[in-house]
> 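Below: one structure in structure tokens.
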Amino acid sequence: MPTRPSQPGHVFVIRGDILHLNCDAWMLPTDEHLHARRWTHVDGLAPGVDRLRGAGFGTGDRLAAAVPGWKPRLPLPIATAVPLLGIRSAPDVRPALDAFMREAVAALASRRDPLVSTRCVPLLAVPFFGTGGGGGDLQRGPVLQELLAGLDAGVREHGVDAALVLQDEAAYGLAQRIRRDNDNWPALSAELKDEARSLADVARRGKLVPFMGAGTSVSAGGPTWNGLLNSLAERTELKDHLDALSRLSTLDRASLIQSKFESAQEGDAGAAMGFRAAIAREASLERYGLAPALLAALPSDGAITLNYDTLFEAAAADQARSRTVIPPARGASSGSEAPQVPADSSSSSSDRWLLKLHGSVDDVESIILTRDDYLGFNATKQALTGLVQAHLLTHHMLFVGFGLTDEHFHEIIHDVRRAMPREDGPSRTLGTALVLHDDTLQNALWEDHLRIVPLTRDTGDPALPAAGRILEIFLDMLAACIATEHSYLLAPKYDGALGEADRELRGLLLDLAAALPTGASGDALDVVRTMLSSLGFDRGAAGHGPRREPSARRVGKP
């Protein structure tokens with residue numbers, strides 16, 4: 001089990017699917033009879049849960065237990081008897097939550113086949129439970145507050161991290177508002193908090209574009225660039241010369257590995273494709289970590305990655321923010337080999353795109369790794385790099401998990417610098433790079449073009465997992481500061497968590513909704529209805545019909 005951090009555990013909030021998150025353990029909500037209707041589709045889960053019958057759930061002597069015989073190196077489900085029906089008040093969810101965390105920590109400590117992850121502490125995942133019916137469904141706001149408070153207490157007690165995984169937009173917006181009010185990021189310095197708020201201001205204007213490197217996939221079990229190359233080299237005669245190999249540039253190292261890899265398959269007509277297929281196997285990941293999920297929450301139409309995996313696409317889809325991949329996998333387009341770039345990336349949510357500069361695991365022919373790959377890429381890169389250059393000129397790039405050493409990236413920056421008008425004052429910053437460690441030489445190299453934000457002041461690889469965790473916490477604060485979902489304000493069943501000012505505003509808006517002419521039309525009225533809908537108003541919902549005759553104080557003249 002990984003060592004505990006010096007800082008207390010942290011609670012993350014993401015939108016997504018708990019089954020797609022690369023966590024160490026996750027809560028499987030059941031009732032006291034071990035019924036888990038919502039999860040019956042999970043392969044192999046039902047037989048494991050059946051083995052728990054008679055373990056004290058039916059008598060109430062036990063609330064949580066790890067599902068026995070679970071698959072090795074996969075997130076461990078913890079069956080937890082939660083108050084799905086008949087909850088009287090929000091605190092009723094705490095016994096189940098506390099039992100889950102105790103059982104998860106104990107089960108992970110004794111697990112012989114832990115999850116493949118570089119996180120320095122385990123990550124536990126919890127869905128929004130306790131609102132399936134009865135009183136809980138009518139108290140969504142207070143239950144959400146109780147879950148956040150309980151998770152915060154649990155991570156501090158057990159020295160683990162936890163992720164509250166939400167699917168409902170109103171719940172996500174309310175959770176982030178609660179966390180902003182409480183400033184729930186003690187692991188970040190005052191300087192890093194200021195950086196997160198500053199980037200959030202840019203993001204809310206739609207100007208922050210994520211540019212992702214291998215570091216964003218590491219917490220999902222993905223390899224670093226060096227790790228990928230070493231793994232490929234291990235399959236060749238170079239396995240005894242890794243130290244010497246590391247002294248070559250990344251491109252030349254990859255070229256030599258490919259040559260030796262293909263020599264080992266001499267006589268195989270598909271040897272070259274075999275090398276790319278091996279890369280795809282190394283980079284193929286089924287579950288995303290926290291970083292892709294948090295970056296997918298950025299309100300940007302564009303995103304760029306050097307990664308081969310499909311984690312960011314999966315995280316975006318789970319948030320109902322699907323992205324068009326550029327270029328499309330061969331056979332996915334209408335036959336054109338030219339990269340397909342949206343003509344207007346701001347026209348609608350369906351036009352969100354992800355540019356994969358170095359190829360994708362679902363199209364092995366597109367993978368770029370060696371020097372020959374780079375040189376051959378020059379013939380088709382103009383449309384792709386032009387899109388990057390345009391966004392460097394008009395947006396603010398956020399470089400994450402990226403070492404700023406990629407040769408293709410250097411070419412793009414060089415072209416953009418030449419295209420930018422000369423200025424008498426300081427040159428315009430093209431973006432912000434989140435780096436794990438402070439590096440004086442790297443700062444000097446990029447200070448005229450990028451804002452370098454070191455997440456720790458430590459140096460050297462021993463601190464790498466801890467620094468990666470700080471990166472996740474930074475992105476968590478950024479996502480919380482960006483969150484603009486306010487549908488909880490008028491959504492049914494969330495009003496119990498509103499403060500006095502929000503309650504007053506909610507009442508005014510509901511009175512306004514009740515006073516609107518039901519049969520009227522017109523552009524202005526449509527704008528008002530759209531505004532009310534974005535705040536969670538549903539005329540057909542309980543409590544959203546006409547409540548009373550509007551008073552002069554509320555709707556008429558002041």
Side-chain angles (χ1 to χ4, degrees), residues 22 72-73 112-118 212-286 289 305-311 329-330 356-381 401-411 436 460-465 468:
N22 196 54
R73 298 184 178 274
R112 296 180 179 179
D113 50 1
L115 186 76
V116 178
S117 173
T118 61
M212 295 164 284
T216 60
S217 300
V218 168
S219 64
T224 63
W225 285 113
N226 284 334
L228 173 62
L229 292 175
N230 286 342
S231 179
L232 294 169
E234 288 281 358
R235 308 183 191 188
T236 73
E237 64 190 62
L238 296 171
K239 62 184 178 181
D240 298 323
H241 306 282
L242 295 183
D243 288 341
L245 196 63
S246 66
R247 291 192 285 272
L248 296 177
S249 71
T250 300
L251 294 182
D252 291 333
R253 198 186 332 168
S255 296
L256 181 57
I257 293 170
Q258 180 183 23
S259 175
K260 298 299 183 182
F261 191 99
E262 292 174 358
S263 295
Q265 303 179 58
E266 189 172 354
D268 182 352
M273 183 53 64
F275 179 69
R276 285 179 172 78
I279 296 171
R281 284 193 295 270
E282 292 285 338
S284 294
L285 301 165
E286 294 184 2
T305 185
L306 300 183
N307 298 338
Y308 308 131
D309 60 62
T310 59
L311 300 182
R330 288 166 174 79
K356 305 191 78 166
L357 278 173
H358 287 175
S360 181
V361 295
D362 52 11
D363 181 6
V364 294
E365 293 183 20
S366 69
I367 289 177
I368 295 170
L369 182 63
T370 69
R371 188 171 296 281
D372 284 347
D373 294 335
Y374 273 78
L375 294 175
F377 182 60
N378 285 334
T380 57
K381 74 177 183 180
F402 186 65
L404 305 183
T405 58
D406 182 78
E407 292 194 20
H408 186 194
F409 171 75
H410 280 262
E411 292 178 10
L436 298 186
D461 288 341
L464 190 62

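Here the structure is a predicted model, which is why all the values come from computation and not from measurement.
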> How close do Phe261 and Ala278 get, counting heavy atoms only, and between which atoms?
CZ-CB, 3.8 Å
> With rounding to the nearest 0.5 Å, note down the distance linking OG in Ser263 to CD in Gln258.
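One finds 10.0 Å between OG of Ser263 and CD of Gln258.
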> Measure the shortest side-chain to side-chain distance between Ile367 and Asp373 over non-hydrogen atoms and say whether it is less than 4.5 angstrom.
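Side chain of Ile367 against side chain of Asp373, heavy atoms only: no contact under 4.5 Å found.
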> If I compare all heavy atoms of Ala220 with all of Gly289, which pair ends up nearest, and what's the gap?
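Shortest heavy-atom separation between Ala220 and Gly289 comes out as CB-N, 3.6 Å.
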> Just checking, is any N or O donor in the side chain of Ser360 or Asp362 under 3.5 Å from an acceptor N or O on the other one?
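Side-chain D/A pair, Ser360 to Asp362: present.
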> Would you find more than 12 non-hydrogen atoms of other residues, nucleotides or ligands less than 6.0 Å from Glu234 atom CD?
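Counting neighbours around CD of Glu234, more than 12 heavy atoms of other residues, nucleotides or ligands fall under 6.0 Å, so yes.
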> For Phe275 and Ala254, work out which heavy atoms get closest and say how close.
CZ-O, 4.1 Å
> Quick one: are Asp309 and Lys356 in side-chain contact, heavy atoms under 4.5 Å?
no
> Can you give me the closest heavy-atom contact between Ser217 and Asn307, atom names plus distance?
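Nearest pair, atom of Ser217 first, then Asn307: OG-ND2, 3.4 Å.
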> Taking all non-hydrogen atoms of both residues, which atom of Asn22 and which atom of Gly221 are closest, and how far apart?
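Answer, listing the atom of Asn22 first, then Gly221: ND2-N, 4.2 Å.
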> Okay, side chain of Thr216, backbone of Gly213: is any donor-acceptor separation there less than 3.5 Å?
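Answer holds: yes.
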> Can you list the residues that meet the side-chain hydrogen bond (donor to acceptor under 3.5 Å, both in side chains) rule with Ser255, with sequence neighbours excluded?
none
> What distance do Thr250 atom OG1 and Asn226 atom CG have between them, rounded to the nearest 0.5 Å?
6.5 Å
> From Ser259 OG over to Leu238 CG, what is the distance, rounded to the nearest 0.5 angstrom?
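One finds 8.5 Å between OG of Ser259 and CG of Leu238.
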> Report yes if the side chains of Leu357 and Thr305 come closer than 4.5 Å at any heavy-atom pair, otherwise no.
no
> Could you walk me through whether Ile257 and Leu369 pass the side-chain contact (heavy atoms from CB on, under 4.5 Å) check?
CA-CA 11 Å; Ile257 293 170; Leu369 182 63; over 6 Å; no
> Can you name the residues that form a side-chain hydrogen bond (donor to acceptor under 3.5 Å, both in side chains) with Arg235, not counting sequence neighbours?
Glu282
> Going by side chain to side chain contact (heavy atoms under 4.5 Å, CB included), name the residues that satisfy it together with Ala283, two or more places apart in sequence or in a different chain.
Tyr308, Val361
> Provide the closest heavy-atom pair for Leu245 versus Ala233 in the form atom of the first, atom of the second, distance.
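Shortest heavy-atom separation between Leu245 and Ala233 comes out as CD2-CB, 3.9 Å.
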> For residues 237-256, pull every pair meeting salt bridge (Lys or Arg N to Asp or Glu O under 4.0 Å), keeping only residues two or more places apart or in separate chains.
Glu237-Lys260, Asp252-Arg371
